[in-house]
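Okay, so here's the structure we're looking at.
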Amino acid sequence: MIEDKQSYLNDLNEAQEKPVLKINGPSMVIAGAGSGKTRVLTYKIVHLIKNGIDPFEILALTFTNKAAREMKSRISSMIGDGESKNIWMGTFHSVFAKILRFEAHKIGFTSDFTIYDVQDSERLISSIIKEMNLDKDSYRPKTIRNRISSLKNSFISVNAYFSNSDLTESDKLSKRPKTGDIYKEYSDRLVKSNSMDFDDLLLKTNELLNNFPEVLAKYQEKFKYILVDEYQDTNNSQYLIVKSLADKYQNICVVGDDAQSIYSFRGANINNIINFRNDYDDVEVYRLEQNYRSTKYIVNAANSVIDNNKNKIHKEVWTDNEFGDKIQITANPSDIAEARLISQKILNLIKSENNYKDFVVLYRTNAQSRVIEDSLRNSNIPYKIYGGVSFYNRKEIKDILAYLRLVVNNNDEESLKRIINYPPRGIGQVTINKIIIGSKNNNLSIYETIKSAKNLNLGLSNSSITKLENFINQIEVFKIQNKKLSAFEITDLVIKETKIIDELRKDESPESIARVENIQELLNGIRDFIDDQKEIADSKNNLSEFLSNVSLATDFDIDLKLSEDFVSLMSLHSSKGLEFKNVFIVGLEEDLFPSALSYNSRDDLEEERRLFYVGITRAKKNLYISYANSRYRWGKLISCEESRFIDEIDNDFIDFKDNNDFSVLQKKSKPSPFIKQKILRKGNFRHLSSVKSNSDFQTKVSVGDKVQHLKFGKGQVIRLEGDNDNVKAKIKFEKIGDKNLLLKFAKLKVL
DNA sequence: CCAATTACCCACATG
DNA sequence: GGGTAATTGG
Ligand SMILES: Nc1ncnc2c1ncn2[C@@H]1O[C@H](COP(=O)(O)OP(=O)(O)OP(=O)(O)O)[C@@H](O)[C@H]1O
């Protein structure tokens, strides 16, 4: 025992060792960037277990599923698989979703409840707004969803909202007096749908713990030791959950860095960490200030930036690592030039000691990824985008998932509406509206209403009723099959029976082909999931479990083959907690980073600065910062100014290069980048995993050629005019007659 | 009811 | 420039 202790404590410095050794009582670790807080948490859990604490009694809450997975596998490499599996570890959302499924019946749900994502919520809110006949300009679904979400994150129920005059008044002032009514209807509809949104996973957990003392007692006993990572980004609901669970034993350890609090937009409250000392008795506070990740130049640059913030806990982050290279800052004529420069840099550096995996490109807004992508693709550099529209949010995937969700939970309103007429079965908006009205009048779920449509006198035609019955029968068959089949088999059956792939194959566009491939990828994902689950003895590898997993998954949770080598692209927010040898931060421009929306308040601007700090401190060796003097926005060229944040980096730590000099550009690369731009912007199928170029299509045809066009079908070329780039062809199509087409745009195949 | 066309948002970040 | 909701003509 003693020898074991020695061996793992050797990996820690003195400051890290102290919080690890503290077993009982409340403690807080304030850790600078790269100072090893993940390491402290990992070793602390190991230390707890080595000291006889049952892994079943440890609850560790992380910020991402990936962080939990990595920590778990690190722990199991230290103490073995058997014990580490029993730790409750995951994000707040995934851990409490599990608990809510156990306790669902207590709060009026079944254990098969569906988890609504942001899109589902927005669609539901949108239909509620329509049903209430509210003005669609003052009641924009997105705005309302955000408002409701932030209410829920502050643990304000519908009733609490109505009895708080500050809240109701402020919504009246912003010309949205019906916000509360929408909130109420939205909540009711979620319950009726046996569904919860992301915020409910926390809100309902609080309700459960508050209203059922025996449940609270049970989980207080269960989780005698609680650890929370990234505590600076917890919101009020999360704070309350931790507080009630830890209240009895007070064995709570929170870890965080106030300088990295960047999620206030989803309710995170930096005061949770700042006031932690006051929440428990005799809080032990530890500080970690030695950075092990980055070079001196990087650490110093980060410090000089964060120095500009007023609201912070004082820290002195330092490192023993080498000075390394100065930070390179580059000014570029355009976003396209900026992107090209990154490709060039990567191609240069990859020759030496780097893999593609050593590079990340970070940006403020997901929309910036497109230009970077185009450039990387053009240089044949493999890349992967994280965030934005994630795999499981793609239309074709959500369509399939909607069928599965409906099979598991008939009351899932949004899934039903999504697929009741996809693929088309002749059930239109009029029919659906009648059903919604019928479901309200009879207080039934939509599915139940359709099921008994014949007897309810909803004013539907006989042919409509037949179509509805066929739909219901199909779902009922799936339900019966689902009892016998695995998640993989039922999905396969759904895809075959609904003929969704046939529907997609109707047109042969690269988009559709990619969609079919994505569906195949989904099936592979389910297979992998089942394989993983097999290891867990009492798991039934059923559909419900898979769906729950999917709802809480992000791009980071999709299994990668270890051999894959690619450059990562992600938002600065997504990069929290990660590290890369070489980091590019792009778009350091006023109004973009810092965002124009942050100028109103010091708090918002300081959060932008923290975001920059997070970005800088992701880098181990090299940091490249760049901006463009012009940029495309909504297809229009706008001019941009250098970001104020660049001035805030101490001059001693930077190397500045101006890439605006046209002669330099020309020397570096021929043909001139300005000619290539046009071509680069074409053929963008961004959201699709497998990107096919336009090269399948012909730009050289001759008079008399028989050709096939994607939309217009077969035809014959009867005349050509114009030169090189702008050849126009007159084509006689069999179906629609003569058409003039520009060859560079037309998707033609010569037959 | 459906497919094609038009209009209108949008891009601040996420589990 | 791109996705989705609304509109229109068949
Ligand atoms: N005592 C140590 N000796 C050597 N390397 C260490 C030590 N502690 C941590 N490291 C290394 O420093 C790096 C940063 O550690 P870690 O990711 O735990 O930091 P962090 O505090 O979570 O960072 P951040 O808050 O910036 O995400 C890792 O590569 C880790 O392996």
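Order of the sequence lines sets the chain letters (A, B, ...), proteins ahead of strands, with each chain counted from 1.
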Length of the line joining Gln368(A):CD and dG1(C):P, which is rounded to integer Å: 18 Å
Value rounded to 0.5 Å, distance of OG1 in Thr205(A) from CD1 in Ile241(A): 4.5 Å
Centroid under 5.5 Å and tilt under 30°, Tyr632(A) to dG1(C): no
Aromatic ring pairing Phe63(A)/Tyr263(A), orientation class (parallel under 30°, perpendicular over 60°, tilted between): tilted
Whole-Å gap separating C1' (dA11(B)) and CZ (Arg631(A)): 12 Å
Nearest to side-chain heavy atoms of Ala367(A), which nucleotide of dA11(B), dG15(B), dT14(B): dA11(B)
Spacing of His573(A) atom NE2 relative to dT14(B) atom P, expressed in whole Å: 7 Å
d(CD, Gln260(A); P, dT14(B)) in whole Å: 16 Å
Spacing between Glu373(A) atom CD and dG2(C) atom P, to the nearest angstrom: 11 Å
Sugar-phosphate, base or nothing in reach of Tyr263(A), heavy atoms under 4.0 Å: sugar-phosphate
Whether Phe102(A) and Trp88(A) hold their rings parallel, tilted or perpendicular, with breakpoints at 30° and 60°: tilted
Which nucleotide in dT14(B), dC1(B), dG15(B) has an atom nearest any side-chain atom of Ser571(A): dT14(B)
Footprint string (nucleotides 4-10 of chain C, 5' to 3'): B base within contact, S backbone only, - free, heavy atoms under 4.0 Å: --S----
Distance, rounded to the nearest Å, where Ile585(A) contributes CD1 and dA13(B) contributes P: 16 Å
Spatial distance of atom CD1 (Ile306(A)) from atom OG1 (Thr617(A)) [nearest 0.5 Å]: 9.0 Å
Minimum-distance nucleotide (side-chain atoms of Arg364(A) versus dA13(B), dC9(B), dC10(B)): dA13(B)
Pairwise distance CG(Asn409(A)) to OG(Ser193(A)) - rounded to 0.5 angstrom: 7.5 Å
Position toward the 5' end of DNA chain B (nearest nucleotide), Glu607(A) or Val430(A): Val430(A)
Separation of Leu522(A) CG from Leu401(A) CG (nearest 0.5 Å): 5.5 Å
Value rounded to 0.5 Å, distance of CD1 in Ile182(A) from CG in Leu134(A): 5.0 Å
Cation over ring face, Lys395(A) and Tyr422(A), 6.0 Å, 45°: yes
Between dG2(C) (C1') and Asp374(A) (CG): distance, integer Å: 14 Å
Sugar-phosphate only, base, or nothing, as touched by Arg140(A) at under 4.0 Å among non-hydrogen atoms: sugar-phosphate
Sugar-phosphate, base or nothing in reach of Thr431(A), heavy atoms under 4.0 Å: sugar-phosphate
Residue-phosphate contact under 4.0 Å: Asn366(A) side-chain N/O, dA13(B) OP1/OP2: yes
Asp199(A) side-chain proximity, nearest of dT14(B), dC10(B), dG15(B): dG15(B)
Touch class at under 4.0 angstrom, heavy-atom based, for Asn421(A) against every strand present: sugar-phosphate
Distance test, side-chain N/O of Lys636(A) to OP1/OP2 of dC10(B), below 4.0 Å: no
Touch class at under 4.0 angstrom, heavy-atom based, for Ser574(A) against every strand present: sugar-phosphate
Nucleotide nearest Pro424(A) (side chain, heavy atoms from C-beta), chosen from dC2(B), dC12(B), dG15(B): dC2(B)
Rounded interatomic separation in angstrom, taking NE2 from His93(A) and C1' from dT14(B): 9 Å
